[in-house]
Novice: 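After the structure tokens below, expect a handful of questions from me.
All chains are named by letter (A, B, ...) in the order of the sequence lines, taking the proteins before the strands, and each is independently numbered beginning at 1.
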There are 2 protein chains.
Amino acid sequence: MGSTDRPDLAAMLAPLTRSLIAMERPVLEAHGLSMWGYSVLIALSRGPARGQGVLAQEIGADKTRIIAVLDDLQKHGLIDRTPDPADRRARLLELTTEGRRIVTRTQAEIQSREEQQVLRHLPPADRRGFLSALRTLAELPRDGIDDNPGAD
Amino acid sequence: MGSTDRPDLAAMLAPLTRSLIAMERPVLEAHGLSMWGYSVLIALSRGPARGQGVLAQEIGADKTRIIAVLDDLQKHGLIDRTPDPADRRARLLELTTEGRRIVTRTQAEIQSREEQQVLRHLPPADRRGFLSALRTLAELPRDGIDDNPGAD
DNA sequence: TATTGTTATACTCTATAACTATA
DNA sequence: TATAGTTATAGAGTATAACAATA
């Protein structure tokens, strides 16, 4: 149980993730996007959000952290931010046509690079298995990982 | 190529990695280790390092960043830091017996948690495939990912 | 009174550059 | 002059807490 013949998951994932993010950066910059901005656009590409807090939580950010991001995205015409008629404290957030275009193109470019520079190194069979397993793990509720059911 | 029907790698890996790290934290704290301290011990468990710069590069850190970490590890008797006789500017770094004990136990505990809380959610077949693929990707030279061979 | 969004402040982490000693 | 290690400073990123508007 827990033999030391393989590196820890985090020890492998952290550097890999850093490299992936470094790989994304030039693509994002080419489209005038920050990492959080891209994250927001991706979330909104799956549908509008009612409330900034909801959106923030969805992408694992703090409510205060995304405000400047939203300001910027709105200023560049990539998102619409309108007061919710039902609750005028909240803002309805959705992509503009331009925003949808940008996020679609950016994501295609990023995934293309990922496939050509990273996934290429996996045999096709392993590749699909890896992506499938990764999706499973990525969709785990964070509670299930962060909590310590068998802590002590 | 680059169809948008799957999330980006980094988008899946980043939150997962954060959760993993959050999971590690209490284990590390229980052994009085920081994340970088643990990283150093893991690296040294694969053999002594001749020079702090070498060690830093090996774990993806800056030379200046690990100094305080090494100070702390040495203070707690987990590593030996002796001037290299061949080049007295450099320091020879290696685990003490106590250091080896700590890192072994800590890693066993961490991997046990990873398996019970994360890998558990993968069918055994997928699990081995995932770990194998992850090792492959983690061992890729960062140059191969960070660089942009087909940049434009 | 509670909640959404906002702003301002403080704290952590990281990177950059200057300094000491050996080569 | 160049390099290993160290130290000090500044910068980016993040979290915490107070504030205004609406419910």
Novice: My understanding is that only residues two or more places apart in sequence, or in another chain, count here; which of them pass salt bridge (Lys or Arg N to Asp or Glu O under 4.0 Å) with B:D71?
Specialist: B:R81
Novice: Expressed as a whole number of angstroms, how long is the span from B:I21:CD1 to C:dC13:C1'?
Specialist: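 Roughly 13 Å, once rounded to whole Å.
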Novice: Which residues pass the side-chain contact (heavy atoms from CB on, under 4.5 Å) test with B:D87, sequence neighbours left out?
Specialist: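 side-chain contact (heavy atoms from CB on, under 4.5 Å) list for B:D87, sorted by chain: B:R89.
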Novice: Is the backbone of A:A108 close enough, under 3.5 Å, to the side chain of A:S112 for a donor and an acceptor to pair up by distance?
Specialist: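 A pair under 3.5 Å: no.
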Novice: Could I get the full list of side chain to side chain donor-acceptor pair (under 3.5 Å) partners for A:S132, not counting sequence neighbours?
Specialist: none
Novice: Rounding to a whole Å, what distance do you find between B:R88:CZ and C:dA21:P?
Specialist: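 Rounding to the nearest Å, CZ of B:R88 and P of C:dA21 are 14 Å apart.
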Novice: Where along residues 66-84 of chain B does a heavy atom fall under 4.0 Å from DNA chain D?
Specialist: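 Of all residues in residues 66-84 of chain B, the ones placing a heavy atom under 4.0 Å from DNA chain D are B:I67, B:R81.
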Novice: Could you run down the sub-3.5 Å N/O contacts of the protein with nucleotides 11-14 of chain D?
Specialist:
| unit_1 | atom_1 | unit_2 | atom_2 | d |
| --- | --- | --- | --- | --- |
| D:dT14 | OP2 | A:W36 | NE1 | 3.4 |
| D:dT14 | O3' | A:R65 | NH2 | 3.4 |

Novice: Are A:L70 and A:L55 close enough that some pair of their side-chain heavy atoms sits under 4.5 Å apart?
Specialist: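 A:L70 reaches A:L55 side chain to side chain.
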Novice: Going by ring-ring contact (aromatic ring centres under 6.0 Å, His included), name the residues that satisfy it together with B:F130, two or more places apart in sequence or in a different chain.
Specialist: A:F130
Novice: Once side-chain contact (heavy atoms from CB on, under 4.5 Å) is applied, do any residues pair with A:A90, and if so which ones, sequence neighbours excluded?
Specialist: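 Partners of A:A90 by the side-chain contact (heavy atoms from CB on, under 4.5 Å) criterion, ordered by chain and then number, come out as A:D84.
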Novice: Listing time: all N or O pairs from protein to nucleotides 1-3 of chain C that are below 3.5 Å?
Specialist:
| unit_1 | atom_1 | unit_2 | atom_2 | d |
| --- | --- | --- | --- | --- |
| C:dT3 | O4' | A:R89 | NH1 | 3.3 |
| C:dT3 | O2 | A:R89 | NH1 | 2.8 |

Novice: Check side-chain contact (heavy atoms from CB on, under 4.5 Å) between B:R100 and all other residues, then give those that pass, not counting sequence neighbours.
Specialist: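 Partners of B:R100 by the side-chain contact (heavy atoms from CB on, under 4.5 Å) criterion, ordered by chain and then number, come out as B:L95, B:T104.
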Novice: Judged by atom type as modelled, is there a donor-acceptor pair below 3.5 Å linking the side chain of B:R6 to the main-chain atoms of A:L131?
Specialist: no
Novice: Determine all donor-acceptor pairs shorter than 3.5 Å in which one atom belongs to a side chain in residues 20-43 of chain B; sequence neighbours excluded.
Specialist:
| unit_1 | atom_1 | unit_2 | atom_2 | d |
| --- | --- | --- | --- | --- |
| B:H31 | NE2 | B:E109 | OE1 | 3.2 |
| B:S34 | OG | B:G37 | N | 2.9 |
| B:Y38 | OH | A:D8 | OD2 | 2.4 |

Novice: Between B:L55 (CG) and D:dG5 (C1'), how many Å, whole number?
Specialist: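 For the pair B:L55 CG and D:dG5 C1', the rounded distance is 13 Å.
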Novice: Atom CD of B:Q52 to atom P of D:dA4: distance rounded to whole Å?
Specialist: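 After rounding, the gap between these two atoms is 11 Å.
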Novice: Could you tell me whether the side chain of B:R127 and the main chain of B:L122 form a donor-acceptor pair under 3.5 Å?
Specialist: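 Checking the backbone N and O of B:L122 against the side chain of B:R127, a donor-acceptor pair under 3.5 Å is found.
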Novice: Under the rule for side-chain contact (heavy atoms from CB on, under 4.5 Å), what residues qualify as partners of A:T96, not counting sequence neighbours?
Specialist: A:D80, A:E98
Novice: Of A:R91 and B:A86, whose closest DNA chain C nucleotide lies nearer the 5' terminus?
Specialist: A:R91
Novice: Using a cut-off of under 3.5 Å, enumerate the N/O to N/O pairs linking the protein to nucleotides 16-20 of chain D.
Specialist:
none

Novice: Could you grab the distance from atom CG of B:L73 to atom CG of B:L78, nearest 0.5 Å is fine?
Specialist: 5.5 Å
